[in-house]
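Comments concern the structure below.
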Amino acid sequence: MPHKIAVLPGDGIGPEVTAEAVKVLKAVTGDLEFEETLVGGAAYDATGHPLPDETLKLCRKADAVLLGAVGGPKWDAVEPKELRPEVGALLTLRKKLDLYANLRPARIFKPLMDASPIRFGPSGPIDLIIVRELTGGIYFGDHYRQRSGEEAVDTCRYTREQIRRVAECAFEIARLRKKTVVCVDKANVLETSRLWREVLNEVKDDYKDVELSFMLVDNCAMQLVRDPGQFDVILTENMFGDILSDEAGQITGSLGLLPSASLSGAISDRRLTLGDADESPVVFGLYEPVHGSAPDIAGQGKANPLGAILSAAMMLRYSFGMDAEADVIENAVESLLEQGVRTPDLGGTATTEDVGGSVASRV
Ligand code: IPM
Ligand code: MG
């Protein structure tokens, strides 16, 4: 049975980069089926809602979702805010699809080693993955947001279960990498952080081969700039993850290359990427480049599709266990950068289609 992929191109450069990612997926395997639909501002304009029921239904039927980007100045002032693309589509998709584990790798491809001034510290180049809890914390706070003329309240709430499941995901990923997890929090101030530490210390018992340590978020922000190479897997709550992942992304110097995955379902229920390739496990996930809709360059063929293409590679790896195919895409990207086929953000003159086409022909 082919895996079903819901394609949600969205706004701005979303459609351009998504088209290239689909092209690459089609080139690397015949085992996927695609169905496309509207999301974000494009959906709002067409239907009055950034996440129409049809779109949510298509996502629920699919094995994975490939998303471009949503939002833009055109919809920034839409009221109520539940109808804005970021809140009405992105946050709602995360919650409704229970995409609780957000994986944001930040690493530098060898040919781009010169792109960032702070890419090296004492421990070498940045190559880490942030596992960000995505459906709890202050972003959702039980929808308990109050507002009067004089005050506003946002509540940060976490349950043991919410922490446990994302912690397991981080430990599983650590097993595929250097077997270390740094849990980032604000345990000197926040009660939720103390709960995170308690639960992490319990979960650790099932992962005796993985080393766990804790770091306060302000220190982590500093350490990332001082010596990004010291980190392998960073596990953290929703808002800290939002902030630290932008910081880590910028340290790589190439925002256009950053992919992400948002997973639902216990990642430990499948073998992740190790061994027994005959099983064909499916972890439901949504995959999207970290960059936004970049309306200023939309429609000009200037957008870098590599973030979307590398997100597609993550889909193959995490949702479908197709590690070999994911490796092929990642290696093709590296060799293409090596040969200087680059979009303007990386100092080149190639178009979005040139880059997508080159990756597709290489794989
Ligand atoms: C992200 C974005 C979103 C977030 C915004 C657009 C709501 O910054 O995916 O990091 O804060 O989660
Ligand atoms: Mg963010």
Side-chain angles (χ1 to χ4, degrees), residues 8-14 17-18 39-44 49-51 59 65-106 128-141 143 145 152 154-158 162 166 169 184 217 220-221 224 234-252 254-264 285-296 298 307-308 310-311 314-315:
L8 275 47
D11 307 318
I13 60 172
V17 298
T18 312
V39 75
Y44 176 80
H49 200 286
L51 185 67
C59 293
V65 180
L66 185 65
L67 186 113
V70 300
K74 188 175 172 196
W75 305 282
D76 281 351
V78 168
E79 289 291 345
K81 71 174 186 310
E82 284 67 31
L83 291 180
R84 284 181 211 153
E86 291 82 356
V87 177
L90 209 56
L91 294 188
T92 310
L93 266 176
R94 288 175 184 171
K95 194 69 178 177
K96 294 221 163 163
L97 300 175
D98 199 23
L99 302 167
Y100 63 81
N102 180 222
L103 278 37
R104 296 188 170 181
L128 57 81
I129 184 163
I130 294 182
V131 179
R132 168 188 175 191
E133 201 291 325
L134 202 60
T135 56
I138 200 163
Y139 271 60
F140 293 96
H143 302 286
R145 294 181 197 196
D154 295 296
T155 311
C156 184
R157 176 173 178 269
Y158 269 108
Q162 278 177 317
V166 74
C169 176
V184 172
V217 64
C220 180
L224 271 172
I234 292 178
L235 166 66
T236 191
E237 62 97 63
N238 203 344
M239 191 155 77
F240 296 157
D242 178 45
I243 298 165
L244 294 176
S245 63
D246 267 24
E247 186 185 359
Q250 188 55 46
I251 291 169
T252 71
S254 30
L255 188 65
L257 260 73
L258 298 174
S260 79
S262 303
L263 306 180
S264 166
L286 179 147
Y287 298 83
E288 60 178 320
V290 167
H291 64 70
S293 61
D296 51 319
L310 292 167
S311 300
M314 287 185 90
M315 172 189 291

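Both counts, for ligands and for their atoms, begin at 1 and track the order of listing. By convention here, the first residue in the shown sequence is residue 1.
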[X] side chain vs [Y] backbone, donor-acceptor pair below 3.5 Å:
| X | Y | value |
| --- | --- | --- |
| Arg84 | Val78 | yes |
| Thr236 | Val184 | yes |
| Ser254 | Gly256 | no |

With backbone taken as N, CA, C and O and side chain as the heavy atoms from C-beta onward, which portion of Met239 lies under 4.0 Å from ligand 1: side chain, backbone, both, or neither?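 Contact part for Met239 vs ligand 1: neither.
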Checking contacts here: is it the side chain or the backbone of Arg84 that comes within 4.0 Å of ligand 1, counting heavy atoms only? Could be both or neither.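 Looking at Arg84 and ligand 1, no heavy atom falls under 4.0 Å.
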Run through Ser311, Ser260, Pro105 and flag the one making a side-chain contact (heavy atoms from CB on, under 4.5 Å) with Val290.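 In the set Ser311, Ser260, Pro105, the residue that makes a side-chain contact (heavy atoms from CB on, under 4.5 Å) with Val290 is Ser260.
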Top protein contact for [atom], by heavy-atom distance:
| atom | answer |
| --- | --- |
| atom 4 (C) of ligand 1 | Tyr139 OH, 3.5 Å |
| atom 1 (C) of ligand 1 | Arg104 NH2, 3.3 Å |
| atom 10 (O) of ligand 1 | Asp242 OD1, 2.9 Å |

What's the separation between atom CG in Asp242 and atom CG in Asn102, rounded to the nearest 0.5 Å?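 Asp242 CG to Asn102 CG: 9.0 Å, rounded to 0.5 Å.
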Rounded to the nearest 0.5 Å, how far does OG1 of Thr18 lie from CD1 of Ile13?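 These two atoms lie 9.0 Å from each other.
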Which of the numbered atoms in ligand 1 are under 4.0 angstrom from any heavy atom belonging to Arg132?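 Heavy-atom distances to Arg132 below 4.0 Å select 1 (C), 4 (C), 9 (O), 10 (O), 11 (O), 12 (O).
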What are the atoms of ligand 1, with element, lying closer than 4.0 Å to any heavy atom of Glu86?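 Answer for ligand 1: 6 (C).
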Looking at ligand 1, is there an atom of it that comes within less than 4.0 Å of some heavy atom belonging to Glu288?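 False for this residue.
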If you check every N/O/S atom of Asp242, which is the one nearest the Mg ion (ligand 2)?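 Asp242's closest N, O or S atom to the Mg ion (ligand 2) is named OD1.
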Which atom of Glu82 lies closest to which atom of Pro50, heavy atoms considered: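 For Glu82 and Pro50, the tightest heavy-atom pair comes out as O-CG, 4.3 Å.
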Closer than 4.0 Å and a protein heavy atom, does any atom meet both conditions relative to atom 6 (C) of ligand 1?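 It does: a protein heavy atom is found less than 4.0 Å away from atom 6 (C) of ligand 1.
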